[in-house]
A.B. asks: 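Sharing a structure, written as structure tokens. Questions coming.
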Amino acid sequence: MSTEDQEAQEDELLALASIYSEDEFNRADSAPGGEILVCLDLPSHFKVLVKSDSATNSSADNFKNTVSFLPPIVLSFEFPPGYPSSTPPGFTLSCKWLSPIQLTRLCQHLDDLWEENRGSVVLFPWIQFLKEETLDYLNITSPYEIEVPSNGLQSWTQSPEKTFGAGEWPSLDKRAIQDVQSASALVRCILDFNEAQQKKTFDSKPFLCNICFMEKLGSDCTHFKDCQHVYCNTCLTDYFKVQIKDGQVHALNCPEPKCTSIATPAQVKDLVGEQLFSRYDRLLLQSSLDLMADVVYCPRLSCQTPVMKETDGEMGICSVCQYAFCVHCNMTFHGLAPCKTPTEEDVESEEENESVEEEQRRTLENASNKMKNREWIKENSKPCPGCNSPIEVKYEESPLHFRSL
């Protein structure tokens, strides 16, 4: 390799590293080359349709949505010794949502750009073309339809003449790689990437909070997706904490007057912390159960577990304490006998039963503890030579130490 070529290659790699972030450009360690992730600028309200000929015909196999970002085109390259004076870079193009035919067409155009710029560095013109002209070059418009057969290879769904002209079908280029396994995997990849890029864009923009009237970056704010309102995390945290402590778990909505958007549980957890979120989650579950006609609570004050009514709607059996009770009068289940108003004697009897059961539980627990104590003493002690009482043996650096039990 000539000194001029070596310097040109190093200068081009340094230039790329200074222009693109680490998420976009990754320089190879072992050889002169690297990888560029090219994210296209989509038109607003760009719609994507993913179809599959799979026999399952699930919703994931027939997907339609509006996206702001699509997964990047990946340009992997390596510089040969004769680049840029005489030899072009070796490269591959891979993408999840472009067909092998479309990727082949792009590879051919990158070759043409090299011929036009032979003797000069060419990576930046390649990247500019892929980023700014791919959609127009391939005649991709909204709605963009992708058909993925069950074997995972994407087919060409638009008229070939629209992109290549009559009789211009190209043979597939080995440098064109489509790495999609199935329609469901492609849909998941599109949704995940679109969401990640939207968050990245949101985090880097400043927003004005209408509570404290301070401008803060999106990374310090919460976005209500239904209404698109944005408030800073500090103000929302104080607001949500007051509502949860007051038991108003259904009032964690957007602070904008007359706005009905509600914060998601994930947003609430991020803002108020684990302890308050546990209270919020418990109160929200309880309020939801209260609205269910087939759910009652165990009448024992020491239990209060939610219980599903039996099919006849007359009896409930607690899954925790196994108490069978009438769902109307909350007394012990009485079969076909009519409900009666509980007297003081009935209440006292119920309390006595609970007291007896609690005493039995404690007795069993004490017996279990005593048994464990006896087993421990047997394993960790020896009888005193003088009085035969069990003594604990401690093995330390000094001679044996004994402690009476």
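All heavy atoms count here, side chains included; hydrogens, waters and symmetry mates do not.
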A.B. asks: Between CD1 of I262 and CG of L252, what distance do you get to the nearest 0.5 Å?
C.D. replies: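 Rounded to the nearest 0.5 Å, the CD1-CG separation comes to 8.5 Å.
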A.B. asks: Does any pair with a residue in residues 6-22 pass salt bridge (charged side-chain N to carboxylate O under 4.0 Å, His left out), and if so which ones, sequence neighbours excluded?
C.D. replies: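 Matches after skipping sequence neighbours: E10-R27.
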A.B. asks: Do you know the tightest heavy-atom contact between P143 and L49?
C.D. replies: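 So the minimum-distance heavy-atom pair works out to CB-CD1, 3.3 Å.
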A.B. asks: Can you confirm whether V122 sits close enough to P89 that some side-chain heavy atom of one is under 4.5 Å from a side-chain heavy atom of the other?
C.D. replies: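 Yes, at least one pair of side-chain atoms sits under 4.5 Å.
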A.B. asks: Closest approach of H334 and P338, non-hydrogen atoms and distance?
C.D. replies: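 Reported closest heavy-atom pair: CE1-C, 3.9 Å.
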A.B. asks: When rounded to the nearest 0.5 angstrom, what is the spacing between CG in D281 and CG in L276?
C.D. replies: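 It comes to 12.5 Å.
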A.B. asks: With distance as the sole test, does E115 use its side chain to make a donor-acceptor pair with the main-chain N or O of D112 at under 3.5 Å?
C.D. replies: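 Looks like no, no N/O pair under 3.5 Å.
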A.B. asks: Using a cut-off of 6.0 Å, state whether more than 12 heavy atoms not belonging to Q275 lie near its atom CD.
C.D. replies: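 It does not: Q275 CD has 12 such atoms or fewer within range.
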A.B. asks: Given 3.5 Å as the limit, does a donor-acceptor pair link the side chain of Q267 with the main chain of H223, or not?
C.D. replies: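 Answer holds: yes.
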A.B. asks: Please assess F91 against W126 for the test ring-ring contact (aromatic ring centres under 6.0 Å, His included), listing each intermediate value before the final yes or no.
C.D. replies: CA-CA 11 Å; F91 72 90; W126 280 2; 5.0 Å; yes
A.B. asks: Between Q178 and L98, does a side-chain contact (heavy atoms from CB on, under 4.5 Å) hold up when you go through it step by step?
C.D. replies: CA-CA 7 Å; Q178 186 201 35; L98 289 176; over 6 Å; no
A.B. asks: Could you give the distance from NZ (K174) to CG (L172), rounded to the nearest 0.5 Å?
C.D. replies: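 It is 11.5 Å, given to the nearest 0.5 Å.
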A.B. asks: How long is the gap from CG on L135 to CG on L130, to the nearest 0.5 Å?
C.D. replies: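 Taking CG in L135 and CG in L130, the distance rounds to 11.0 Å.
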A.B. asks: Any idea which heavy atoms bring Q9 and P32 closest together, and the distance?
C.D. replies: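 Here Q9 and P32 meet closest at OE1-CB, 3.8 Å.
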A.B. asks: How far apart are the closest heavy atoms of P306 and V295, and which atoms are they?
C.D. replies: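 That closest heavy-atom pairing would be CB-CG1, 4.2 Å.
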A.B. asks: For residues 203-218, which side-chain N or O atoms pair as donor and acceptor with protein atoms under 3.5 Å away, sequence neighbours left out?
C.D. replies:
| unit_1 | atom_1 | unit_2 | atom_2 | d |
| --- | --- | --- | --- | --- |
| D203 | OD2 | K199 | NZ | 2.8 |
| S204 | OG | K200 | O | 3.4 |
| S204 | OG | T201 | O | 2.9 |

A.B. asks: Evaluate the salt bridge (Lys or Arg N to Asp or Glu O under 4.0 Å) criterion for residues K372 and E375: first the C-alpha distance (whole Å), next the side-chain angles of each, then the deciding distance (0.1 Å), finally the verdict.
C.D. replies: CA-CA 5 Å; K372 291 178 181 178; E375 292 175 356; over 6 Å; no
A.B. asks: Evaluate the side-chain contact (heavy atoms from CB on, under 4.5 Å) criterion for residues I140 and W97: first the C-alpha distance (whole Å), next the side-chain angles of each, then the deciding distance (0.1 Å), finally the verdict.
C.D. replies: CA-CA 12 Å; I140 293 176; W97 52 273; 4.1 Å; yes
A.B. asks: Step by step, work out the side-chain contact (heavy atoms from CB on, under 4.5 Å) result for L103 and C95.
C.D. replies: CA-CA 8 Å; L103 290 170; C95 185; 3.9 Å; yes
A.B. asks: List the atom of N233, the atom of S219, and the distance in Å for their closest heavy-atom pair.
C.D. replies: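 Looking at all heavy atoms of both residues, the shortest contact is ND2-O, 4.0 Å.
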A.B. asks: Ignoring hydrogens, what is the shortest heavy-atom contact between E35 and L37? Give both atom names and the distance.
C.D. replies: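 Closest approach of E35 to L37, heavy atoms only: OE1-CD1, 3.8 Å.
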A.B. asks: Does the side chain of L93 reach to within under 4.5 Å of the side chain of R175, using non-hydrogen atoms?
C.D. replies: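 No, every pair of side-chain atoms sits at 4.5 Å or beyond.
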A.B. asks: With a 4.5 Å heavy-atom cut-off, do L271 and K241 have their side chains touching?
C.D. replies: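 No, every pair of side-chain atoms sits at 4.5 Å or beyond.
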A.B. asks: Less than 4.5 Å apart, side chain to side chain, heavy atoms only: is that true for M331 and C339?
C.D. replies: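 Side chain of M331 against side chain of C339, heavy atoms only: no contact under 4.5 Å found.
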A.B. asks: Kindly say whether C298 contributes a backbone atom to a donor-acceptor pair with the side chain of T305 at under 3.5 angstrom?
C.D. replies: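 Not at all, since once roles are kept as given, no pair shorter than 3.5 Å links the two residues.
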A.B. asks: Look at the side chain of Y231 and the backbone N and O of E256, then say whether any donor-acceptor pair between them is shorter than 3.5 Å.
C.D. replies: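 Checked: pair present.
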A.B. asks: CD/Q198 to CZ/F193 distance, rounded to the nearest 0.5 angstrom?
C.D. replies: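 If I round to the nearest 0.5 Å, the distance is 11.0 Å.
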A.B. asks: Which label fits F325 and Y323: parallel for a plane angle under 30°, tilted from 30 to 60°, or perpendicular past 60°?
C.D. replies: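 Because their plane-to-plane angle is under 30°, the rings of F325 and Y323 count as parallel.
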A.B. asks: May I ask you to test the S68-L42 pair for a side-chain heavy-atom distance under 4.5 Å?
C.D. replies: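 Side chain of S68 against side chain of L42, heavy atoms only: no contact under 4.5 Å found.
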A.B. asks: Assess whether atom CD of E132 is packed by more than 12 heavy atoms of other residues, nucleotides or ligands within 6.0 Å.
C.D. replies: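 For E132, atom CD is crowded (more than 12 foreign heavy atoms under 6.0 Å).
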A.B. asks: Before giving the answer on side-chain contact (heavy atoms from CB on, under 4.5 Å), spell out for D173 and L106 the whole-Å C-alpha distance, their side-chain angles and the decisive distance to 0.1 Å.
C.D. replies: CA-CA 10 Å; D173 196 310; L106 293 178; over 6 Å; no
A.B. asks: I want to check something: taking the side chain as every heavy atom from C-beta on, are F277 and I244 in contact at a cut-off of under 4.5 Å?
C.D. replies: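 No, their side chains stay 4.5 Å or more apart.
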A.B. asks: Do I146 and F63 have side chains that get closer than 4.5 Å, going by heavy atoms?
C.D. replies: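 They are not in side-chain contact.
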A.B. asks: Atom CD of residue position Q228 - does it have more than 12 heavy atoms of other residues, nucleotides or ligands inside 6.0 Å?
C.D. replies: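 For Q228, atom CD is crowded (more than 12 foreign heavy atoms under 6.0 Å).
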A.B. asks: Using side-chain heavy atoms (C-beta onward) and a distance below 4.5 Å, is K269 in contact with Y280?
C.D. replies: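 Counting from C-beta outward, K269 and Y280 never come under 4.5 Å.
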A.B. asks: Applying ring pair (Phe, Tyr, Trp, His ring centres under 6.0 Å) between F129 and each of F124, W114, Y137, report the one that passes.
C.D. replies: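 So the option named by the test is Y137.
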A.B. asks: With a 3.5 Å distance limit and no angle check, can you tell me whether N194 reaches the backbone of I190 through a side-chain donor-acceptor pair?
C.D. replies: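 Pair absent, no side-chain N/O of N194 close to backbone of I190.
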A.B. asks: Supply the atom-to-atom distance C39 SG to I73 CD1, rounded to the nearest 0.5 angstrom.
C.D. replies: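 Between atom SG of C39 and atom CD1 of I73 there are 9.5 Å.
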